[in-house]
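Written below as structure tokens is the structure these notes are about.
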Amino acid sequence: MKAAFLKKLNSELEIDDIEEPEPGDDEVVIEQRYTGICYRDILTMQGFQPRVNIPVIPGHEISGRIIKKGKNVESFNINERVSSLIYIPCGKCEFCLSGNENLCVNKRIFGESVNGAYRKYINVNMNSLVHVPDNVPEESSVIAACVTGMIIHALRLGNISEKKTVLITGAGGGVGMHAIEIAKTYGATVIAETTSEWKKKAIYEAGADYVVSGSYSKDVKNYGGADIVLEIVGKDTFNESLRSLKTGGSLVLIGNVRPASAEMPIGLIIMKGNRIIGSLSSTRKDVSEALQLSSEKRISPRIFDKVSLNDVNRAFDDMINKRNNGRILIDLNK
Ligand SMILES: [Zn+2]
Ligand SMILES: [Zn+2]
């Protein structure tokens, strides 16, 4: 089968032919139709992930049908559909044992410390797996861990509920468009921030109540201020986001597109009693909830493009230049 490899940082991925994998004792082999391209994959290529083991097959957005399984795998069977976490939790540390496996201190991340998803057949540890309901489209199951489940995790940390106002930065991108829809399922008011004028129509169609841009904290305050900021962009919007918060509001950090540190107005945070929270990936519970929302047709996948594995470098370029408003998937049947 074909697989894409990152062999050198800051270089294009290369397509090689490799053997199809066999499952280890604790693993299944999954046949994938799609895998998602994540901004994290681009940051890995650019050298921002310290623990990357090069050469590596990138990609961590995994779902499909089980075609083989190892002898210790009991809860999952051949032909069943599954989604995978983006990492392999150890199952033994204090975080794994308390249902917070996203914080596992021993986790191995697909596409970085172990070979990832840019290939049709992938071997996955059973500790990473979640069952997928039959009626969930494959375009939804593939983004359940890194997009929709991750957003659910972050909104929960921000204490999302009905009548709260959520500000979403970078709302026109792959994560942002899904975040708008998920925040609306909780009954929240959604203010969406974007720097791309052409994305505004789609952002409103996704359910945003207001769209802001530029120095947006004034506008957000005019709309009543934010109880929760879902900070997808990171450093570049951090200060405007902080100033958009209501007293007692929470800023939940989920992304930092241009990795760098932000200045922090400590006095302002104290005076307004704000909370700043880092939110990392998703747990199996989050992924199950995301799949349930898809099964109930309360959220739908926002796919910008489906490309072949051979076109992965062009897709990276589209994302770096913000030409996508929705997820780009690799179609492994192409
Ligand atoms: Zn991802
Ligand atoms: Zn662990």
Side-chain angles (χ1 to χ4, degrees), residues 4 6 13 26 32 34-46 48-49 51-52 56-64 83-119 122 124-130 139-154 170 173-179 182 230 232-234 253-257 259 279-287 290-291 301-305 307 312 315-316 318-320 324 326-330:
L6 176 65
L13 304 187
D26 298 327
Q32 305 191 94
Y34 301 113
T35 184
I37 302 179
C38 186
Y39 212 85
R40 182 175 180 134
D41 304 338
I42 292 170
L43 295 177
T44 300
M45 180 270 286
Q46 292 173 336
F48 287 109
Q49 305 290 359
R51 279 179 293 184
V52 63
V56 71
I57 302 174
H60 52 257
E61 303 190 355
I62 302 163
S63 77
S83 287
S84 170
L85 297 172
I86 75 165
Y87 56 90
I88 306 164
C90 77
K92 293 177 186 138
C93 72
E94 61 176 302
F95 298 106
C96 283
L97 294 175
S98 59
N100 298 301
E101 64 265 24
N102 60 313
L103 301 178
C104 173
V105 288
N106 306 308
K107 67 175 171 286
R108 289 171 292 154
I109 299 172
F110 289 105
E112 292 166 33
S113 38
V114 294
N115 276 328
Y118 287 10
R119 50 179 162 154
I122 179 168
V124 176
N125 188 288
M126 60 185 174
N127 288 339
S128 299
L129 299 177
V130 174
E139 291 88 341
S140 298
S141 61
V142 72
I143 59 170
C146 196
V147 184
T148 48
M150 181 272 288
I151 292 164
I152 288 170
H153 189 86
V175 173
M177 295 292 282
H178 292 93
I182 292 171
L230 206 57
I232 296 173
V233 177
L253 293 163
I254 60 173
N256 198 17
V257 176
S279 181
L280 180 63
S281 194
S282 55
T283 63
R284 278 166 297 200
K285 181 170 177 284
D286 301 319
V287 177
L291 291 165
R302 302 204 164 254
I303 308 302
F304 172 74
D305 200 3
V307 302
V312 66
F316 271 27
D318 281 344
M319 288 172 65
I320 290 167
N324 61 310
R327 210 62 171 172
I328 300 179
L329 300 181
I330 299 173

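Computed from heavy atoms alone, side chains included, the values below leave out hydrogens, waters and symmetry copies. Whatever order the structure lists ligands and atoms in, that order sets their numbers, starting from 1. Bear in mind the structure is a predicted one, so any value in this text is a computation, not a measurement.
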Provide the closest heavy-atom pair for A145 versus S282 in the form atom of the first, atom of the second, distance.
->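 Minimum heavy-atom separation between A145 and S282: O-OG, 2.8 Å.
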Work out the angle at the Zn ion (ligand 1) between SG of C38 and SG of C146, rounded to 10°.
->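 If I round to 10°, I get 120°.
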Looking from the Zn ion (ligand 2), what is the angle between SG on C104 and SG on C96, to the nearest 10°?
->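 Nearest ten degrees: 100°.
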Mind checking whether I330 and I37 have side chains closer than 4.5 Å, heavy atoms only?
->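 Side chain of I330 against side chain of I37, heavy atoms only: contact under 4.5 Å found.
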Within-4.5 Å side-chain heavy-atom neighbours: V175 and Y39 =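 The answer is no; the side chains never approach within 4.5 Å.
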Does the pair R327/E139 count as a salt bridge with the N-to-O cut at 4.0 Å?
->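 Salt bridge flag = no for E139 with R327.
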The Zn ion (ligand 1) is nearest to which N, O or S atom of E61?
->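 Distance check against the Zn ion (ligand 1) picks out OE2 in E61.
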